[in-house]
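Just follow the structure's listing: the first ligand is 1, and inside any ligand the first atom is 1.
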Amino acid sequence: MQSFLDIPHHSDFTIHNIPFGVYSKDGHFSACTRVGDTIIDLNQCAHTRIFDGLSLPKGIFNKSTLNDFISLGKQTTTAVRKLIQEALNIGGFLDNDIFKGTSVFIPNDQVQMVLPIHIGDYTDFYSSKEHATNVGIMFRDPANALLPNWLHLPVGYHGRASSIVVSGTEIKRPSGQTMVDGADKPSFGPSKQLDFELEMGFVIGKNTQLGETISTHDAEDYIFGLMLFNDWSARDIQKWEYVPLGPFLAKNFASTISPWIVTLEALESFRVAGPTQDPEVLPYLQYEGDKNYDIHLSVDIVTAQGDSKRVSTSNFKYMYWNMCQQLAHHTVNGCNMRVGDLLASGTISGPTPDAYGSMLEICWKGTKPVQMPDGTERKFILDGDTVAMRGWCEKDGIRIGFGACDGKVIG
Ligand code: CA
């Protein structure tokens with residue numbers, strides 16, 4: 001496939017990607033996709049004849065979220081994606097002249113990407129063995145870094161959907177209670193240990209009923225697509241508050257997502273085998289086939305002056321528990337899923353220090369500061385810093401990516 005639209009070298013948005021998002025311009029919203037640096041307005045596309053035969057509900061793309069579109073089901077959303085590819089492909093079966101005189105194409109810099117889904121519920125897992133091991137070594141017992149349940153189930157908790165924001169939204173440094181080492185009482189103030197967590201999130205594409213379970217075999221039918229996810233974390237607040245019920249105000253002040261939902265179909269050729277799971281997991285968590293994805297991930301810290309430092313280079317393929325297992329576990333008790341729910345992976349750390357997915361690990365509890373190009377150092381994120389996450393797949397000359405997942409911290 002080759003599009004007649006211009007695609008810059010190394011673009012995330014090749015004809016092989018065709019992710020879904022929502023843009024805003026002059027107070028109006030529309031579902032869209034992107035090829036190269038061109039936004040393709042799907043509402044305007046629907047006014048041409050390219051989706052004829054799909055019987056799409058009128059105005060399905062003329063909305064501020066993708067929930068209704070996703071609810072049409074994979075058969076329809078996959079067909080829409082294929083038709084867009086065909087329409088933008090040189091020599092495809094659709095006549096490219098179909099777009100002449102329309103306002104389907106808009107330069108990327110003329111629109112504002114917005115949160116593409118209404119997120120009903122958000123769950124965060126803790127599924128990287130390397131991350132869980134690092135945290136266990138730092139805060140508990142190096143000889144028994146993983147807690148007894150960790151190798152038997154994908155540990156998770158229910159997060160907060162209201163504070164999930166799209167890339168580009170400024171992040172206000174949270175204030176809260178902390179207990180400084182050696183102090184006899186807690187103090188209150190802005191977090192001094194603001195951190196990121198490099199994660200990926202997946203969007204639920206199909207409802208289940210209360211009491212229904214999803215098997216690992218069927219789980220992919222319920223996954224619409226993936227995005228980058230930064231689970232901002234205030235480590236000093238977390239350390240004091242988390243016992244005995246887990247994360248609360250240290251996590252729920254903000255999480256940043258990339259604006260594009262990359263479909264499972266686009267990721268199909270980047271499947272890889274996951275790590276061997278030992279001990280053997282219970283039958284409801286067993287699975288067949290390759291359920292991990294080779295997605296390169298990076299994190300840069302960019303100072304207010306524009307000096308940039310790459311602090312992590314990881315990969316989604318390192319996940320010990322895959323998305324199908326997470327979904328099977330989440331629903332094994334009958335918990336229902338709804339279209340637009342977001343399930344995040346947990347911090348994605350790799351086997352080597354350059355692949356760690358949080359400052360907590362990269363700087364090993366503050367003992368190994370990162371040297372920035374301007375001569376300053378970082379143990380955590382400072383006001384004015386932007387945390388910039390990227391994710392992309394590349395194989396046999398085909399590249400697809402997730403776009404930007406950026407957040408600037410303000411005081
Ligand atoms: Ca997390």
Side-chain angles (χ1 to χ4, degrees), residues 119 121-140 145-147 149-150 153-165 167 169 171 173-174 176 191 193-203 226-243 245-258 295 297-299 311-312 314-316 318-323 325-327 329-330 341-350 355-363 365 380-381 387-389 391 402 405-407 409:
I119 302 166
D121 280 303
Y122 151 56
T123 297
D124 196 22
F125 285 96
Y126 188 59
S127 288
S128 155
K129 188 177 177 186
E130 290 83 353
H131 173 67
T133 302
N134 287 339
V135 172
I137 291 172
M138 278 188 273
F139 292 103
R140 288 188 299 272
L146 292 178
L147 288 167
N149 61 2
W150 201 92
L153 56 86
V155 170
Y157 72 98
H158 286 298
R160 178 105 192 142
S162 67
S163 53
I164 298 176
V165 295
S167 176
T169 307
I171 305 299
R173 179 177 297 272
S191 168
Q193 298 183 349
L194 182 56
D195 200 354
F196 59 81
E197 290 191 337
L198 170 62
E199 305 195 16
M200 299 210 66
F202 67 90
V203 177
L226 280 72
M227 56 208 356
L228 300 172
F229 190 91
N230 180 356
D231 181 20
W232 296 95
S233 300
R235 300 298 179 198
D236 42 0
I237 297 172
Q238 184 178 359
K239 188 181 172 195
W240 172 231
E241 75 168 4
Y242 86 101
V243 280
L245 286 185
F248 187 39
L249 303 180
K251 299 275 190 177
N252 71 2
F253 60 93
S255 304
T256 302
I257 60 171
S258 51
I295 303 173
L297 300 167
S298 68
V299 184
V311 294
S312 180
S314 190
N315 195 303
F316 191 47
Y318 296 136
M319 299 310 297
Y320 188 85
W321 296 103
N322 61 55
M323 295 183 286
Q325 292 180 307
Q326 290 168 339
L327 200 43
H329 184 64
H330 203 315
D341 287 352
L342 187 63
L343 279 63
S345 58
T347 308
I348 305 164
S349 290
Y356 291 170
S358 64
M359 290 299 273
L360 180 70
E361 296 163 270
I362 294 164
C363 300
K365 254 170 94 178
F380 291 98
I381 305 303
V387 175
M389 295 182 174
F402 288 79
C405 181
D406 293 355
V409 174

Check ring pair (Phe, Tyr, Trp, His ring centres under 6.0 Å) between F380 and all other residues, then give those that pass, not counting sequence neighbours.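 If we apply the ring pair (Phe, Tyr, Trp, His ring centres under 6.0 Å) test to F380, skipping adjacent residues, there are no hits.
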Applying ring pair (Phe, Tyr, Trp, His ring centres under 6.0 Å), can you list everything that pairs with Y320, at least two apart in sequence or on another chain?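 Y320: ring pair (Phe, Tyr, Trp, His ring centres under 6.0 Å) contacts with W150.
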Under a 3.5 Å distance rule, please check whether S349 uses its side chain to pair with a backbone N or O of T347 as donor and acceptor.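 Such a contact is absent between S349 side chain and T347 backbone.
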Using modelled atom types only, decide if a donor and an acceptor are shared between the side chain of N315 and the backbone of I295 within a distance under 3.5 Å.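 Side chain of N315 to backbone of I295: a pair is present.
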Under 3.0 Å from the Ca ion (ligand 1), protein N/O/S atom count?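 With waters ignored, the protein N/O/S count below 3.0 Å is 4.
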Go through H158 and Y122 one step at a time and tell me if the ring-ring contact (aromatic ring centres under 6.0 Å, His included) criterion holds. CA-CA 6 Å; H158 286 298; Y122 151 56; 9.2 Å; no
Residues in side-chain contact (heavy atoms from CB on, under 4.5 Å) with F248, at least two apart?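 Residues passing side-chain contact (heavy atoms from CB on, under 4.5 Å) with F248: E241, N252.
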